[in-house]
Amino acid sequence: MHKMLLYTYACHEDEAPLCQLELRSLFGGGYAAPLAQYADASSITTPNGARDREASNSDSANYRNYVLSSISIDASRSPFIKQKLAVMFSGDSIQAITASIRGQELQSELFKVVYVETTGDDLTAPDYSGQRAVEREIGAVIRGKAEMRKPKRLFGIAYVQGQWLFGECETNQAMWLKHNMKPQHYSTALSTRMARAVANITVPSPAGVKAIDPCCGIGTVLVEALSMGIDMVGSDSNPLAVRGARINLAHFGLPAAVAIQDMRTLTGSYDAAVLDMPYNLCSVLSTEEQLAMLESTRRLAGRAVIISTEVIDSQIVQAGFQILDRCVARKGSFCRHVLVCV
């Protein structure tokens, strides 16, 4: 039986399609199966994963706010994940959970129990006061001293699909927020949150993967990728952009893995690439220029995440790619198309 991990997540409605694409990339096409199916699956699958990838914001709001999976990732990796619960015990009642804790004689110095709130399918879950009562009931049977402010060990209790889940809990430290304070900025660069999600979509499993951002600008995606241990290098034909990228990388103590070079002259082979198509109201790329960039990306890597402010499906296919998944990330009336291609 595979170890059960519960992740909760949250996002603004404009970010919901991007959030769902990142979750599909990290955890597989579907990621919230009935608990009864869990023992037979190494990665959770349900009909949710096969839904229309261009789901509207209102439709995305109907998704559950949690993921059940055997895949373990750092709780602070995604900009959307809130908490991670490594399940130790499950049961159909709190009494069953407390009995398991007593049976294992669980003990910890300076611990805290938090209620991990899930939504979407459990209408009988406790309200706020009920959640605090559950925390106290669980805490009362753990041997040790409760510490609310600076616990050394954090436990979580959640109610999912009619079952109680208890285990070690991690919270997202949102370390990426400090990257908003990078010294060099550019008006059309991706937001830090989107750049982090794109890095995860590009390289869901970093071990042994070499990636490239051949049009990296000031290094927004590079900063997020390198800070998560993803092996990614960058380049750009604009010397000022490369200078800005190097300044940003150095500011956060990251290697200056960026060079001045036109992507059409790049050589080498990579497992994955991210291409944020240049966007400027004063300088619009021609179809021929777009195709040249896409063909260069195809030559460099077998898998790519392509970001564009317009629909360029025909150019992507013409360049030799197949579109596997996609979403539209919106900010007001402005939108970016994010496409996963092989």
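- Side-chain contact between Arg132 and Ser129 is absent, with no heavy-atom pair separated by less than 4.5 Å.
- Between Cys327 and Gln20 the shortest side-chain heavy-atom distance does not fall below 4.5 Å.
- Heavy-atom minimum distance, Thr309 versus His337: C-CD2, 4.0 Å.
- Hydrophobic clustering, with ILVMFWY side chains joined whenever heavy atoms are under 4.5 angstrom apart, keeps Val311 apart from Phe334.
- The neighbour count for Met181 CE, taken as heavy atoms of other residues, nucleotides or ligands under 6.0 Å away, does not exceed 12.
- Within 6.0 Å of the CD atom in Glu109, the count of heavy atoms belonging to other residues, nucleotides or ligands does not exceed 12.
- Classified by interplanar angle (parallel below 30°, tilted 30° to 60°, perpendicular above 60°), the ring pair Phe155/Phe166 is parallel.
- A donor-acceptor pair is defined here as one N or O able to donate and one able to accept, closer than 3.5 Å; no such pair exists between the side chain of Glu22 and the backbone of Arg24.
- The backbone N or O of Val160 sits nowhere less than 3.5 Å from a side-chain atom of Tyr66 that would complete a donor-acceptor pair.
- What you find for Ala75 and Asn172 is that their closest heavy atoms are O-ND2, 3.1 Å.
- Connection of Leu254 to Met175 is not established within any shared hydrophobic cluster, with ILVMFWY side chains joined at heavy-atom distances below 4.5 Å, either directly or through further cluster members.
- Separating the NZ atom in Lys82 from the OG1 atom in Thr118 is a distance of 10.5 Å, to the nearest 0.5 Å.
- Between the CZ atom in Arg299 and the CG atom in Leu266 there is a gap of 7.0 Å [rounded to 0.5 Å].
- Using a 4.5 Å heavy-atom cutoff, the side chains of Phe321 and Ile306 are in contact.
- For the atom pair Ile138 CD1 and Phe89 CZ, the distance stands at 10.0 Å (nearest 0.5 Å).
- Nearest heavy atom pair, residue His179 against residue Ser227, reads CE1-OG, 3.5 Å.
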Begin from the C-alpha positions of Leu291 and Thr287 and carry the test side chain to side chain contact (heavy atoms under 4.5 Å, CB included) through to its verdict. CA-CA 6 Å; Leu291 182 59; Thr287 300; 5.5 Å; no
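- Exactly one of Ile201, Val328, Leu23 qualifies for a side chain to side chain contact (heavy atoms under 4.5 Å, CB included) with Leu18. That residue is Ile201.
- Remark: Ile81 CD1 to Asn65 CG distance equals 12.0 Å, nearest 0.5 Å.
- Taken together through direct or relayed side-chain contacts under 4.5 Å among Ile, Leu, Val, Met, Phe, Trp and Tyr, Val141 and Tyr115 form part of one hydrophobic cluster.
- Counting heavy atoms from C-beta on, the side chains of Gln163 and Asp92 come closer than 4.5 Å.
- Here Arg298 does not pair with Glu295 in a salt bridge; the nearest charged N to carboxylate O distance is not below 4.0 Å.
- Between the side chain of Lys112 and the backbone N or O of Glu147 there is no donor-acceptor pair closer than 3.5 Å.
- Proximity of a side-chain donor or acceptor of Lys84 to a complementary backbone N or O of Asp74 within less than 3.5 Å is not detected.
- Note: Leu165 CG to Leu85 CG = 6.5 Å, rounded to the nearest 0.5 Å.
- Looking at Met263 and Ile212, their side chains never come closer than 4.5 Å, going by heavy atoms from C-beta outward.
- Between the side chain of Asp325 and the backbone N or O of Val340 there is no donor-acceptor pair closer than 3.5 Å.
- Under a hydrophobic-cluster definition in which Ile, Leu, Val, Met, Phe, Trp and Tyr are linked whenever side-chain heavy atoms come within less than 4.5 Å, directly or via other members, Ile230 and Trp176 are assigned to different clusters.
- In plain terms, the two heavy atoms of Leu6 and Ala158 that are nearest each other are CD2-CB, 3.6 Å.
- A donor-acceptor pair under 3.5 Å links the side-chain atoms of Ser76 to the main chain of Gln173, judged by distance alone.
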Candidate pair Asp236 and Cys215, rule side chain to side chain contact (heavy atoms under 4.5 Å, CB included), full reasoning: CA-CA 5 Å; Asp236 201 286; Cys215 193; 4.1 Å; yes
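- At distances below 3.5 Å, not a single donor-acceptor pair connects side-chain atoms of Thr202 with backbone N or O atoms of Ala273.
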Apply side chain to side chain contact (heavy atoms under 4.5 Å, CB included) to Met88 and Leu106, showing your working. CA-CA 11 Å; Met88 300 167 62; Leu106 184 63; 4.0 Å; yes
Side chain to side chain contact (heavy atoms under 4.5 Å, CB included) assessment of Val338 paired with Val305: CA-CA 7 Å; Val338 182; Val305 172; 3.8 Å; yes
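- Taking the side chain as every heavy atom from C-beta outward, Asp276 and Val221 never approach each other to under 4.5 Å.
- When every heavy atom of Leu190 is checked against every heavy atom of Thr220, the shortest pair comes out as O-CG2, 3.4 Å.
- Side chain of Arg246 to backbone of Val258: a donor-acceptor contact under 3.5 angstrom is found.
- Note on Ile247 and Leu222: separate hydrophobic clusters, where clusters join Ile, Leu, Val, Met, Phe, Trp and Tyr whose side-chain heavy atoms are under 4.5 Å apart, directly or indirectly.
- Counting only distance, with no hydrogens or angles, the side chain of Asn248 and the backbone of Lys182 share no donor-acceptor pair below 3.5 Å.
- When atom types are taken as modelled, the side chain of Arg303 and the backbone of Asp271 share no donor-acceptor pair closer than 3.5 angstrom.
- For the pair Leu249 and Pro255, the tightest heavy-atom approach, listed with the atom from each and the gap, is CD1-O, 3.5 Å.
- Inspection of the Thr265 and Gln261 side chains reveals an N or O donor paired with an N or O acceptor under 3.5 Å.
- Between Gln290 and Glu310, some side-chain heavy-atom pair lies under the 4.5 Å cut-off.
- To the nearest 0.5 Å, atom CD1 of residue Ile71 and atom CG of residue Leu5 are 9.5 Å apart.
- Side-chain contact between Tyr270 and Met232: absent, with no pair of heavy atoms (C-beta onward) separated by less than 4.5 Å.
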